[in-house]
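Working notes, beginning with the structure itself.
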Amino acid sequence: MSPVAVVVALSAVVSLATAVLAWRRRGLARSATPLAVGLVAAAAWAGAAAAMHAGLPTAVQDRLVLVQYAGITGVVLCYRLFVDAVTGHRGRPRRVAALAVEPVLLLSLLVADPWLHLVHAEVTYVGDPAVRTPVPGPAFWAHTVYSYAVLAWSAADLVRLRRSATGPLRRQTTTMLLAMAAPVAFNAVSISVPAPYLPVDITPPAFVVTGVLFTVAVVRHELLRLVPVARSLVVDTVTDAVLVVDAADRVVDLNPAARALHPGADGEVVGVPLAEVAGPVLAAAVGDDEGETVVALEDGRSLDVRTRWIRDERGDLVGRVVVARDVTGVLAQQRALEDANAQLRAHVETIDRLRADLAEEAARDPLTGLRNRRRFVDDLAGRLTAALAAGQPLSLVLLDVDHFKAVNDTHGHAAGDAVLVAVAGELRRHARAEDVVRYGGEEFVVLLPRLDAAAAAERADELRRACAGLDVRAGTGGEAVEVTVSAGVATAPEHGGTPDELLLAADRALYAAKAGGRDRVASAG
């Protein structure tokens, strides 16, 4: 939306605010009622004109034309009735009815305009976003002449009133005459200047000015009280700090929230450099570009600062609007939320670690610390598949402690446990920890990756000899326990291509070793 369109939109807000003030005076002055209605009509006109530059669909813009012209005709009618009330006429029903004929006729023609083309001879949509740009038709010019005639008639009545008035009434009438001149001048400019140079109808703000000055007259020249009240409805009640600075970074206007940013800036601040009014940190954050940033003030507060350019009709930069919002509490909440999220993530990571530890503990034999059979079977399938895919052998040694039952029966279960722990430790010293498994009871499994059957048999015999050299003592007397193991060796792929096939082959080889006298190694045939 162009700056001119923004001004038109703001004029609609000011018009509505002034209408409220005028309506509140209706009990003191009979002219206040038509004035308030006329200000509402001016707001509708200005609002519709500004909305057409807000990127709305063309169909919506076509409908807004009715709102626009209802506001136009309403302004002319109500301002005429206002002058009637000021000059002593009672607004006789016949006169009101006669004045209403033209608005009703114009709006009727406007409804039928897509077929008759009397109000607008042609309608195009220009720009991106598209803006409705009509070419005036005969009914439009007739309406314009009629409106000028009504305004001239009203001005003539005010001139006659001024000639006979004195004192405050004369000053009030002078104010109203000046107000009548504004829309005529602005409308002449709006009609005569081509659309590319003045894309928005600037007549509505002029009628808003007229309404405001009329209201001044109604409230006996209370301009200095009325206008700030209307402005306060737009800016002063906003909790965000709003500052307007010129091209030289001097403060042009500010609201109370902006004044509170820098308590050291006392007294009149208009014309004072921005850094002195808002502080050097905020002034540095404003910079020379449009945008948004968050700055930290010296007192610990944080501000979200948004800067927008103000340009004149030629596009030259004339100043900036700075809006600063205190986001200290919001940022504190964000930081608290981030800390809470970090703590939650830490808790989740701790839980994951504990879950992994529990899973690892569940997969290990509590006596020897070796992986148990359940974990081993799952792991063997994956390692066997990988070895076969790589074309590499994978050997498996199944070991069994000889005469283990006799150890338990002779020396006790504590001695049997000591034998299992000693064998597990010896196997772990001669092989990788992940390759040694307690398969169950007195049986152990050792995986030998990348070793063929012959090499695996040699390694199995090394393990057998290492276990035979263990020194295990039983009981308080330290009686020596003889430890020997038998081993069966199977190799993939020649002895099996699945875990079950490989284990079965190794088990048969182990059985052969035991049948051959124990304390020996046998390979699968």
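Since the structure is predicted, the reported quantities are computational estimates derived from the model, not experimental observations. Quick note: residue numbers are just sequence positions, from 1.
Shown here are the salt bridge (charged side-chain N to carboxylate O under 4.0 Å, His left out) partners of R308, two or more places apart in sequence or in another chain: there are none. Partners of R428 according to the salt bridge (charged side-chain N to carboxylate O under 4.0 Å, His left out) rule, which considers only residues two or more places apart in sequence or in another chain, do not exist here. Every residue meeting the side-chain contact (heavy atoms from CB on, under 4.5 Å) condition with A43, not counting sequence neighbours, appears here in chain and number order: A12, S15, L16. The side-chain contact (heavy atoms from CB on, under 4.5 Å) check on S154 picks up R80, V83, V150, M180, with sequence neighbours excluded. Applying the side-chain hydrogen bond (donor to acceptor under 3.5 Å, both in side chains) criterion to T328, with sequence neighbours excluded, gives D326. Applying the side-chain contact (heavy atoms from CB on, under 4.5 Å) test to A248 and every residue at least two apart in sequence or in another chain returns D246, R250. Under the rule for a side-chain hydrogen bond (donor to acceptor under 3.5 Å, both in side chains), S108 has no partner lying at least two apart in sequence or in another chain. Taking A36 as the reference, A22, W23 meet the side-chain contact (heavy atoms from CB on, under 4.5 Å) condition, with sequence neighbours excluded. With sequence neighbours left out, the side-chain hydrogen bond (donor to acceptor under 3.5 Å, both in side chains) criterion links Q333 to no other residue.
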Original post:
Do V294 and L303 pass the side chain to side chain contact (heavy atoms under 4.5 Å, CB included) test, and can you show the C-alpha distance, the side-chain angles, and the key distance before you say yes or no?
Top reply: CA-CA 5 Å; V294 176; L303 298 180; over 6 Å; no

**OP:** Would you check, one step at a time, whether the test side chain to side chain contact (heavy atoms under 4.5 Å, CB included) holds for R383 with D435?
**Re:** CA-CA 11 Å; R383 297 174 72 172; D435 292 334; 2.6 Å; yes

Original post:
Passes side chain to side chain contact (heavy atoms under 4.5 Å, CB included), V65 versus L110? Steps please.
Top reply: CA-CA 8 Å; V65 172; L110 197 62; 3.6 Å; yes

Original post:
Going through the distances and angles, do D304 and E292 end up as a side chain to side chain contact (heavy atoms under 4.5 Å, CB included)?
Top reply: CA-CA 7 Å; D304 178 62; E292 179 179 359; 2.8 Å; yes

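Separating the CG atom in L109 from the CZ atom in F140 is a distance of 14.0 Å, to the nearest 0.5 Å. Atom CG of N255 and atom CG of L243 lie 7.0 Å apart (nearest 0.5 Å). The CZ atom of R325 lies 14.5 Å from the OG atom of S302; values are rounded to the nearest 0.5 Å. How far CG of D62 is from CG of L56: 11.5 Å, rounded to the nearest 0.5 Å. Note: L331 CG to L337 CG = 12.5 Å, rounded to the nearest 0.5 Å.
The environment of R306 atom CZ is sparse: at most 12 non-hydrogen atoms of other residues, nucleotides or ligands sit within 6.0 angstrom.
Side-chain atoms of V322 and V305, non-hydrogen and from C-beta on, do get closer than 4.5 Å to each other.
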Name each donor-acceptor pair under 3.5 Å that joins a side chain in residues 112-122 to protein atoms two or more places apart or in another chain, with its distance.
unit_1, atom_1, unit_2, atom_2, d
D113, OD1, L118, N, 2.9
D113, OD1, V119, N, 2.8
D113, OD2, H120, N, 3.1
H117, NE2, P114, O, 3.3
H120, ND1, R132, NH1, 3.4
H120, NE2, Y69, OH, 2.9

